[in-house]
Amino acid sequence: MAWFEGFEQQTLTVAGLPVCFRQSAHWAAQAHLPVMVLLHGFPQTHVMWHRVAQNLRGRYRLVMPDLRGYGDSSHAVGDTEHAHYSKRAMAQEVVGLLDALGVGDFFLCGHDRGGRVAHRLALDHAQRVKKLCVIDIAPTFDMYSGHWGTVPGKTPEVSGPVADPYFAFAQAYYHWFHLTQPAPLPELMIGGNPQAYLHAKLGGWGSQSLGYIEPEALAEYERAFCNPALNDKGWPAAIHSAAEDYRASAGIDLQHDREGRERGDKIACDTLVLWGSRGVVNRMFKPVELWQAQCAGHVAGQVMASGHFIPEELPEATSDALAQCMV
């Protein structure tokens, strides 16, 4: 089947900013089908869903945006509080896009950073989300806080010269700490060889090199992430906006999460959690337990025989899991 056959790519202006996305072709003619929104993660774009989209074609009307700061969506310079790239702002932009498309309620799935946007969207716009799926993440607040999801006082056993889970987590997810450093240090360091950095990330986290990525998708990731365009500060725009996503997660997003937990906010809908058997989440966290603590609905979980990039490594299994859950 041809690359994204049956889907159309376009860009709409939402609250003054461009949002690039793909949607099912013949949108109006398929109005009887439920809508599913698929949100990508770092360091990718919406094209990570290309195989899943073909498998789900005809069952749903699909909407796959490039999140703010990624792909062909906007790459504005971040503000001092990183609020522009907060998950609350990114979720609101997704909702604004769906409003423009005339979508009311919808099924929602997010991988990696997209899962964090989906989490915030399900909290802030609960009436819009019919069911939620998050892929290969635990809640941001718990991951940064070292809440492993086990009995209090117990931590996961890890191997290595320093048998400490905090050490192991920081080593495995060092980018969570590197990308949060003040601009433009990460931007300039990564900008020295963005393709090498991109390939290291795409081939890591248990995903065993780049063999799972189709050439068309890899070319798109390279085009977007290695884009030489500079922002108003003279920094690599695509790298800066991705770093801002992480700076927000380590600051204002944690503030929003803490405030929500103090209020007792919960995800209202049923939630599906998928995670890879070779990934960091499986090794260090109890994802179903952690998500159930943040969800008023039922949480189901499934470990997948993959690394981090599950929708591309196991597109059929991912599609099947979504189709069984999102009804």
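The figures here come from the full heavy-atom set of this structure, side chains too, leaving out hydrogens, waters and symmetry mates.
Note that CG of L210 and CG of L202 are 6.0 Å apart. Values are rounded to the nearest 0.5 Å. Once rounded to the nearest 0.5 Å, the distance linking NZ of K131 with CZ of F106 reads 15.0 Å. One finds the CG atom of L274 at 8.5 Å from the SG atom of C325 (value rounded to the nearest 0.5 Å). Taking NE2 of H32 as the reference point, atom CZ of R61 lies at 9.0 Å (rounded to 0.5 Å). Between H50 atom NE2 and L38 atom CG the span is 12.5 Å, to the nearest 0.5 Å. Atom OG of S319 sits about 12.0 Å away from atom CE of M326, to the nearest 0.5 Å.
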Q302/V273 under side-chain contact (heavy atoms from CB on, under 4.5 Å): CA gap, chis, key distance, verdict = CA-CA 6 Å; Q302 183 177 340; V273 184; over 6 Å; no
Run the ring-ring contact (aromatic ring centres under 6.0 Å, His included) check on W275 and H308 step by step: do they pass?
-> CA-CA 7 Å; W275 68 97; H308 176 63; over 10 Å; no
I would like to know whether D99 and V103 meet side-chain contact (heavy atoms from CB on, under 4.5 Å); could you show each step before the answer?
-> CA-CA 6 Å; D99 288 344; V103 175; over 6 Å; no
Steps toward ring-ring contact (aromatic ring centres under 6.0 Å, His included) verdict (H199, Y197) = CA-CA 6 Å; H199 285 194; Y197 183 89; over 10 Å; no
May I have the step-by-step check of side-chain contact (heavy atoms from CB on, under 4.5 Å) for L33 and Y60, ending in yes or no?
-> CA-CA 5 Å; L33 296 178; Y60 306 90; 5.6 Å; no
Starting from the C-alpha separation in whole Å, work towards a yes-or-no answer on side-chain hydrogen bond (donor to acceptor under 3.5 Å, both in side chains) for Q23 and Q9.
-> CA-CA 7 Å; Q23 68 180 105; Q9 182 173 342; over 6 Å; no
Could you give me the CA-CA distance, side-chain angles and deciding distance for W176 and M143, then say whether side-chain contact (heavy atoms from CB on, under 4.5 Å) is met?
-> CA-CA 10 Å; W176 273 40; M143 293 181 76; 3.8 Å; yes
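Residues I135 and C109 meet the side-chain proximity criterion, which asks for heavy atoms closer than 4.5 Å. With a 4.5 Å cut-off on side-chain heavy atoms, F7 and L62 count as touching. By the 4.5 Å heavy-atom criterion applied to side chains, H84 and L17 are counted as neighbours. Put simply, the side chain of V281 does not reach to within 4.5 Å of the side chain of W205, judged on heavy atoms. Between V37 and V35, some side-chain heavy-atom pair lies under the 4.5 Å cut-off. Side-chain contact between R258 and S145 is absent, with no heavy-atom pair separated by less than 4.5 Å. Side-chain contact check for L108 versus C133: every heavy-atom pair is 4.5 Å or farther apart. Within the 4.5 Å cutoff, the side chain of V19 has no heavy atoms near those of the L12 side chain.
Using a 4.5 Å cut-off between side-chain heavy atoms of Ile, Leu, Val, Met, Phe, Trp and Tyr, with links allowed through other members, L179 and F177 fall into the same hydrophobic cluster. Connection of Y166 to L290 is established within a shared hydrophobic cluster, with ILVMFWY side chains joined at heavy-atom distances below 4.5 Å, either directly or through further cluster members. In this structure, W3 is a member of the same hydrophobic cluster as W49, with clusters built from ILVMFWY side-chain heavy atoms closer than 4.5 Å. Cluster annotation: I252 is not connected to V117 through the hydrophobic network of ILVMFWY side chains, with a link wherever side-chain heavy atoms come within less than 4.5 Å.
Nearest heavy atoms, D265 versus Q294: O-OE1, 4.4 Å. Closest heavy-atom contact between I267 and L123: N-CD2, 3.6 Å. Shortest non-hydrogen contact noted between P65 and H46 is O-CB, 3.5 Å. Looking at every heavy atom in both residues, E313 comes nearest to S306 through OE1-CB, 3.6 Å. Heavy atoms only, all atoms of each residue included: D270 and H298 are closest at OD1-N, 2.8 Å. Across R88 and R120, no two heavy atoms sit closer than the pair NH2-NH1, 3.0 Å.
Looking only at distances, no side-chain donor or acceptor of H147 sits under 3.5 Å from a matching main-chain atom of F141. Checked by atom type and distance alone, the side chain of K266 pairs as donor or acceptor with a backbone atom of A293 at under 3.5 Å. Under the 3.5 Å distance criterion, the side-chain polar atoms of S86 are matched with a main-chain donor or acceptor of A89. Judged by distance alone, the side chain of Y174 and the main-chain N or O of F169 form no donor-acceptor pair under 3.5 Å. Judged by distance alone, with hydrogens and angles left aside, the side-chain atoms of Q292 form a donor-acceptor pair with the main-chain N or O of G297 at under 3.5 Å. Here the side chain of D112 pairs no donor or acceptor atom with the backbone of G41 at under 3.5 angstrom.
Annotation: Q255, atom CD; neighbour count of heavy atoms from other residues, nucleotides and ligands within 6.0 Å is above 12. More than 12 heavy-atom neighbours from other residues, nucleotides or ligands sit within 6.0 angstrom of NZ on K201.
Side-chain atoms of Q44 and E312 include a donor-acceptor pair closer than 3.5 Å. Counting only N and O atoms by type, the side chains of S249 and R113 include a donor and acceptor under 3.5 Å apart. Side-chain contact, S73 with D66: no donor N or O sits under 3.5 Å from an acceptor N or O. In the model, D245 has a side-chain atom that pairs as donor or acceptor with a side-chain atom of Y70 under 3.5 Å. Between the side chains of T180 and R247, no donor-acceptor pair is found at a separation under 3.5 Å.
Note on ring orientation: taking the six-membered ring where Trp is involved, the planes of H111 and F309 are tilted (angle from 30° to 60°). Ring-plane geometry between W148 and F285 is classed as tilted, the angle between the planes lying from 30 to 60 degrees on a 0 to 90 degree scale.
At a threshold of 4.0 Å, the pair R278-D136 does not count as salt-bridged, since none of the basic side-chain nitrogens sits closer than that to a carboxylate oxygen. Checked for salt-bridge contact, R51 and E316 miss the test: no charged N lies under 4.0 Å from a carboxylate O.
Remark: R22 qualifies as a cation-pi partner of F4 under the 6.0 Å distance and 45° angle criteria applied to the six-membered ring.
When each of R68, H75, H82 is checked for a side-chain hydrogen bond (donor to acceptor under 3.5 Å, both in side chains) with E244, only H82 meets the rule. Among Y144, F42, Y85, the single residue meeting the ring pair (Phe, Tyr, Trp, His ring centres under 6.0 Å) criterion with Y246 is F42.
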N/O donor to acceptor pairs below 3.5 angstrom from side-chain atoms of residues 228-240, sequence neighbours left out:
residue, atom, partner, partner atom, Å
N231, OD1, K233, N, 2.9
N231, OD1, G234, N, 3.2
N231, OD1, W235, N, 3.1
H240, ND1, E187, OE2, 2.8
H240, NE2, G78, N, 3.0

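Aromatic rings of Y221 and F225 (six-membered ring for Trp) have centroids beyond the 6.0 Å cut-off, not under it. Between H175 and Y173, the ring centre distance stays below 6.0 Å.
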